[in-house]
Amino acid sequence: MGSTIDDTSVDTVNGLQVRAVSVEEVEAWNRALNFGFLRPHAGVAPELRRMQWEPGRMLAGFDGDRQIATYRSFDVELAVPGGAVVQADAITNVTVSATHRRRGLLSAMMRRDLASAAERGCAVAVLMAAEYNIYGRFGFGPATWGCGWNIDLGRTRGLREGLPGVPGGRIDFVSLAEQREFGAELYDRWRLTQPGAITRGEIWWQRRTNEIQVPGNDFKEPFTAVHRDADGEVTGLVVYRVENKWDGAYPDSVLTVDEFIALDLPTAAELWRLVLSVDWVRKVVVESLSPDDPLPLLLQDPRAATPREDNSDAMWLRLLDVEAAFNARTYGAPGRVVLEIEDRLGYASGRFAIEVAGDGTGRCTRTTDDADLALGASELGSLYLGSETAPRLAAAALLTELRPGAAAAADLLLRAPLRAWTPTEF
């Protein structure tokens with residue numbers, strides 16, 4: 001669906017202007033972005049930003065001719081519980097110069113972009129929040145959480161005996177070009193099985209494998225291994241790097257897993273067996289995995305895997321079309337719940353009934369029936385993918401239970417087999 005919003009229009013706020021930038025203005029936009037991210041002498045080269053440019057999707061705040069705020073969005077598919085996808089407006093590269101804060105620039109850029117996204121038919125908008133307290137006022141709530149592990153190989157002694165394997169399977173190291181080829185195809189198959197996963201474009205893979213080189217980025221080629229089944233089909237991939245360290249005459253290297261994709265448990269076991277058996281490595285760092293990944297339970301000593309300190313909220317989500325979004329996903333139990341939503345921007349405002357059949361399919365419609373739960377748009381965003389719970393929000397006074405027992409009932413209804421997770425930063 002095309003947007004009818006005029007890409008050349010200008011919004012004025014407190015004497016400043018907000019508008020889309022042209023291709024010719026991308027280099028100045030990139031300088032403003034790098035300055036806003038506190039890296040005035042480094043950052044991404046403008047050539048990459050020109051590749052990312054789309055009409056109307058790169059916004060800037062202007063003080064005269066000078067750009068002092070940046071904002072970019074692009075469309076992705078978001079996997080939801082049940083294996084379906086919804087269109088999402090992915091927001092990134094948001095900065096406001098320290099000299100121009102508190103003057104409404106972020107609000108103007110956000111309102112403009114969300115209006116365009118709604119017109120295009122996006123059911124939701126998503127972003128990665130650098131600071132927690134900024135985006136709740138725009139209706140975003142944390143919807144996925146990261147989960148990483150530090151594994152002491154001296155304690156774990158490898159994987160448990162008796163785990164399923166892949167008869168006739170094999171693991172091979174591959175080149176960066178093969179990582180782009182095999183990884184992109186594998187990821188597109190896998191992402192539909194993981195609520196919260198988003199699409200990765202060609203530029204993402206080119207940048208990840210250094211086909212698009214970023215000045216100042218000290219790229220070192222990682223190890224990439226793929227797993228194939230007996231028929232030669234790729235069923236898994238792991239990307240890792242090794243910091244070669246020694247404690248005197250003893251090896252003390254650290255292996256860091258950057259990417260891990262497996263379509264099934266036997267493939268995962270084969271790839272983890274490789275990772276845990278690399279010579280000279282004494283510690284394995286897994287930077288990000290699904291919160292429901294069973295990795296610690298695959299180890300002979302699960303206590304050898306300790307959570308990373310930086311585990312926290314990851315992707316934030318806000319609803320733009322409540323009915324379209326909730327009609328796309330499946331549910332955990334039959335039942336009915338009526339939600340009263342307050343949304344300052346209006347997209348999710350109103351009263352909605354979610355009715356779920358015995359087969360897990362659901363239907364979301366507007367209603368005038370009495371509400372069971374009252375909540376804001378940001379809390380609705382947290383609940384949508386099923387990783388947050390209504391009882392926990394109620395306990396934190398972020399959700400009001402209007403009917404006794406409604407929060408627990410909603411929790412059963414909204415539950416998903418897998419907690420949402422986003423392995424792709426944007």
What I'd like to find out is whether the side chain of [X] reaches to under 4.5 Å of the side chain of [Y], using heavy atoms alone.
X	Y	answer
F62	V21	yes
L398	L375	no
T422	M128	yes
Y71	L105	no
D343	L380	no
D258	R208	yes
V76	T424	no

Does the side chain of [X] come under 3.5 Å of the side chain of [Y] through a donor N or O and an acceptor N or O?
X	Y	value
T367	R351	no
D292	S290	no
R112	S116	no
S382	E388	no
R49	Q52	yes

About how many Å separate [atom2] of [Y] and [atom1] of [X], when rounded to the nearest 0.5 Å?
X	Y	atom1	atom2	value
I354	C364	CD1	SG	5.0 Å
L289	F260	CG	CZ	7.5 Å
F140	I91	CZ	CD1	3.5 Å
T400	E379	OG1	CD	9.5 Å
I261	T267	CD1	OG1	12.0 Å
F138	S107	CZ	OG	3.5 Å

Heavy-atom pair of closest approach, residues [X] and [Y]:
X	Y	value
L176	T209	CD1-O, 3.3 Å
W421	P291	CB-CD, 3.8 Å
A69	M109	CB-CE, 3.9 Å
A371	E340	CB-CB, 3.7 Å
G56	A20	CA-CB, 3.8 Å
G381	L319	CA-CD2, 3.9 Å

Is [X] reaching over with its side chain to a backbone N or O of [Y], donor-acceptor style, under 3.5 angstrom?
X	Y	answer
N14	R103	yes
Y331	A357	no
R191	T199	no
T95	F37	no
D229	D231	yes
D372	V338	yes
T224	V239	no
Y384	A325	yes
Q194	R419	yes
E401	G405	yes

How about [atom1] on [X], more than 12 heavy atoms from neighbouring residues, nucleotides or ligands closer than 6.0 Å, or not?
X	atom1	value
R189	CZ	yes
R102	CZ	no
E185	CD	yes
E211	CD	yes
E25	CD	yes
F223	CZ	no
D359	CG	yes

Hey, is [X] close enough to [Y] for a salt bridge, meaning N to O under 4.0 Å?
X	Y	answer
R200	E259	yes
E287	R241	yes
D370	R403	no
D89	R318	no

Pair T70, R72 - check side chain to side chain contact (heavy atoms under 4.5 Å, CB included), show working. CA-CA 7 Å; T70 63; R72 182 170 71 89; over 6 Å; no

What do you reckon, are the aromatic ring centroids of W205 and F182 less than 6.0 Å apart?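 Not close enough - the centres of the two rings lie 6.0 Å or further apart.
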
Audit row: F426, W204, ring pair (Phe, Tyr, Trp, His ring centres under 6.0 Å) steps and yes/no: CA-CA 9 Å; F426 58 95; W204 190 96; over 10 Å; no

What do the steps show when you test L265 against L298 for side chain to side chain contact (heavy atoms under 4.5 Å, CB included), and what is the final call? CA-CA 10 Å; L265 176 58; L298 304 183; 4.0 Å; yes

Using side-chain contact (heavy atoms from CB on, under 4.5 Å) as the criterion, list what pairs up with D63, not counting sequence neighbours.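 With neighbours one apart ignored, the set is L16, R66, I68, H100.
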
Mind running ring pair (Phe, Tyr, Trp, His ring centres under 6.0 Å) on W316 and Y132 for me, showing each step along the way? CA-CA 10 Å; W316 290 47; Y132 195 95; 4.9 Å; yes

Run the numbers on D411 and R392 for salt bridge (charged side-chain N to carboxylate O under 4.0 Å, His left out), then give the verdict. CA-CA 10 Å; D411 182 39; R392 199 169 91 108; over 6 Å; no

Is R329 positioned over the aromatic face of F326, cation under 6.0 angstrom from the ring centre and no more than 45 degrees off axis?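 No, R329 does not lie over the aromatic ring of F326.
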
